[in-house]
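Have a look at the structure below before the remarks.
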There are 2 protein chains.
Amino acid sequence: MTNFKDDSSQYLISTVSKRSGVKSDLVRAWERRYQAVTPTRTAGGHRVYTDQDIARLKLLNQATSSGHSISQIARFSLDQLKKLLQHDPSITLPDPNNTVLLTGERKFLAEDYVEKCYAAVLAFDAKMLESHFENAIVELGSQSFIENLLTPLLTKIDKHRKSGELRPVHEHMASAIIRSLTYILRNNNPCSEHAPRMIVSTPIGQIYELGALLAAIIAELKGWQVTYLGADLPAEEIAVAVKYTNARAVTISISFSNDDHIIPKEIRRLRKLIGNNVALIVGGRSAAYYEAVLDEVGVVKIQSYEHFRQILDELASANAAAL
Amino acid sequence: MTNFKDDSSQYLISTVSKRSGVKSDLVRAWERRYQAVTPTRTAGGHRVYTDQDIARLKLLNQATSSGHSISQIARFSLDQLKKLLQHDPSITLPDPNNTVLLTGERKFLAEDYVEKCYAAVLAFDAKMLESHFENAIVELGSQSFIENLLTPLLTKIDKHRKSGELRPVHEHMASAIIRSLTYILRNNNPCSEHAPRMIVSTPIGQIYELGALLAAIIAELKGWQVTYLGADLPAEEIAVAVKYTNARAVTISISFSNDDHIIPKEIRRLRKLIGNNVALIVGGRSAAYYEAVLDEVGVVKIQSYEHFRQILDELASANAAAL
DNA sequence: ACAAGCTTTACAAAACCTTGACAAAAATTG
DNA sequence: CAATTTTTGTCAAGGTTTTGTAAAGCTTGT
């Protein structure tokens, strides 16, 4: 997976100076004397800084002007500096342990975010929720964000809505924000021309589209070229899209089991229309409910995110072999 | 098979220079020194640029004039550049270079894009469509993008779907992509704490949400703090959201006139629930159809984008005065 | 033919770099 | 408390890199 923490932006010293408020000469002096920042260099020797460096210098600047000695704090981490400025006149224990996020810690981090996000939903604070989401995406990466934060959060919201603690409008608000994040979640994925193609949608009558959307994003992260069609589409339309794009797979999400006679009919029709050479993948909360039909027409049922990714890999390699 | 030759449009360097605001000599220098763009060539050796190249140069131009070093950012992707400028607290100058682009030219440009985008929809080429959209947002800016490109395009798509040239799936595909662009369209707007608040949604039974989404974006660009709730919400839920957020206005979009008895009922209920101190704004293709009810309960009817913006300004200043 | 392109070479202003020095402020010591 | 170090911010000199612009001479295309 691509490293999300890449310092996509790089600045020269004058910009850094303007932004951080520390004069260029001083920036260099702090580097020379205490390695307060350690910029990379261009081929010609010019210093190149990251956003982090700027943040760091900003904090160092504040700290020194409020009395701290630069030689003492120059090597503090960002977090330490923040703390330092919070409890202003107090002494913070030097704890230069740089935290490396292990998988376990990351999971804990995600759980922490779930709580914070749920609190924002409960308070109906859209801005706060969005802000948490944005931070979480950067910290966790797209995949972990979806699997360890979004999915548990949606489950939690659904549960509390059913129990009456939340109203439908809470869920709507959260959905709207999540959908608006699509762009960031899929970002940076210049998929190749030869990537296998997939159609993602939701059968007619299924309005709750978030599951399908997340499936589409996961497939994209896996290198597929996905065409996402949104919700509530008849089988014919999905089949047409398959033809147009020459897709190798169709993924549909089934979240509710309202009209029990419509879904099976649509599934059968879809299989008939797309033929047997196109993989039909079904996921969603209520997919299990239709097991009979799914087995009948030969559908791959998604058991878990891990399973979905595995399916995608298998299909992709089968597809590559067929070429 | 799909025509991937991107024949869409090709420009010579003088055109590129005018549109992007970067002098011809400099465009060549950037190419020679940093491969900032890599145009193809005609048989005779003249450089041939694409829309993407223009968007790229435009962004590079902005980035350099806000302090970034060209050598550092020349090879950034479009997405990276956008992020760079979004995260940039520097002055987002209203494009002094683009005084060249008169309103008329800009309109022509938008029309050009409408054609290209429609062609992509017709070819069911989601990737191409998205790429055109991204370039157009950079070139036109959010507001012009929505008003001069998106709106005509959606009208055109709707017309051709009704006439049978397009299928519903074409429209779904386009909608899905447009929705995924929400994030770019609204970004850049760190609205203040004291901004007036607004709820945007679609009444129950109304699934087509794009109009509401665009209204929400426009209001945000105007400095409002908008909570977008998505489609298909009962009046009670909308009213609850108003209470939670202490919103001063509610905007709802009505695109279809299916169940003629439900909408009026919902409108009346909504007015009753939110009281008379909250502005109720209604737009959408089919809003005129319900004129009787709208007048009865005191609704502001949106006549045009210009009108909508005017309403927003009036409400905002009335709100500010009341504080 | 003539405007618009292309390449190469050059140039100069602006921005950086390093080294080394210096004085005010802060800390330490006698 | 005064004298002595240390720490810190600033500056200057002299050299290099980056970057926008331009001129010269030739080619392309309408």
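Every chain is numbered from 1, with letters handed out A, B, ... down the list of sequences.
- In this structure a side-chain-to-backbone donor-acceptor pair under 3.5 Å is present from B/Thr64 to B/Asn61.
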Give me, pair by pair, the N or O atoms of the protein and of nucleotides 12-18 of chain C that are less than 3.5 Å apart, along with how far apart they are.
from, atom 1, to, atom 2, distance (Å)
C/dC16, OP1, A/Ser14, N, 3.1
C/dC16, OP1, A/Ser14, OG, 2.5
C/dC16, O4', A/His46, NE2, 3.2
C/dC17, OP1, A/Arg47, N, 2.7
C/dC17, OP1, A/Arg47, NE, 3.1
C/dC17, OP2, A/Arg28, NH1, 2.3
C/dT18, OP1, A/Arg41, NH1, 3.2
C/dT18, OP1, A/Arg41, NH2, 3.3
C/dT18, OP2, A/Arg47, NH2, 2.0

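- B/Thr64 comes within contact range of no nucleotide atom at all, as no heavy-atom separation falls under 4.0 Å.
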*asked:* Could you walk me through whether B/Arg309 and B/Asp313 satisfy the salt bridge (Lys or Arg N to Asp or Glu O under 4.0 Å) test, starting with their C-alpha distance in whole Å, then the side-chain angles of each, then the deciding distance to 0.1 Å, before giving a yes or no?
replied: CA-CA 6 Å; B/Arg309 282 200 301 273; B/Asp313 283 340; over 6 Å; no
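- One finds the CD1 atom of B/Ile137 at 4.0 Å from the CG atom of B/Leu185 (value rounded to the nearest 0.5 Å).
- Listed by chain and residue number, nothing satisfies the ring-ring contact (aromatic ring centres under 6.0 Å, His included) test with B/Tyr228 (two or more places apart in sequence, or in another chain).
- Applying the salt bridge (charged side-chain N to carboxylate O under 4.0 Å, His left out) test between B/Glu134 and each of B/Lys58, B/Lys82, B/Arg56 identifies B/Lys82 as the sole match.
- For the residue pair A/Tyr11/A/Asp51, the side-chain donor-acceptor check at 3.5 Å is satisfied.
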Any N/O pairs under 3.5 Å between the protein and nucleotides 20-27 of chain C? List them or say none.
none

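- Donor-acceptor pairing under 3.5 Å is recorded for the side chains of B/Thr151 and B/Tyr305.
- Comparing A/Ser69 and A/Ala43 by the nucleotide of DNA chain D that holds the closest heavy atom to each, the one mapping nearer the 5' end is A/Ser69.
- Donor-acceptor pairing under 3.5 Å is recorded for the side chains of B/Asp79 and A/Tyr183.
- Close approach of DNA chain D to chain B, defined as any atom under 4.0 Å from a non-hydrogen atom of the protein, starts and stops at D/dT19 to D/dG29.
- When the salt bridge (Lys or Arg N to Asp or Glu O under 4.0 Å) test is applied to B/Asp158, the partners found at least two apart in sequence or on another chain are B/Arg161, B/Lys162, B/Arg285.
- With sequence neighbours left out, B/Lys156 forms a salt bridge (Lys or Arg N to Asp or Glu O under 4.0 Å) with B/Glu115.
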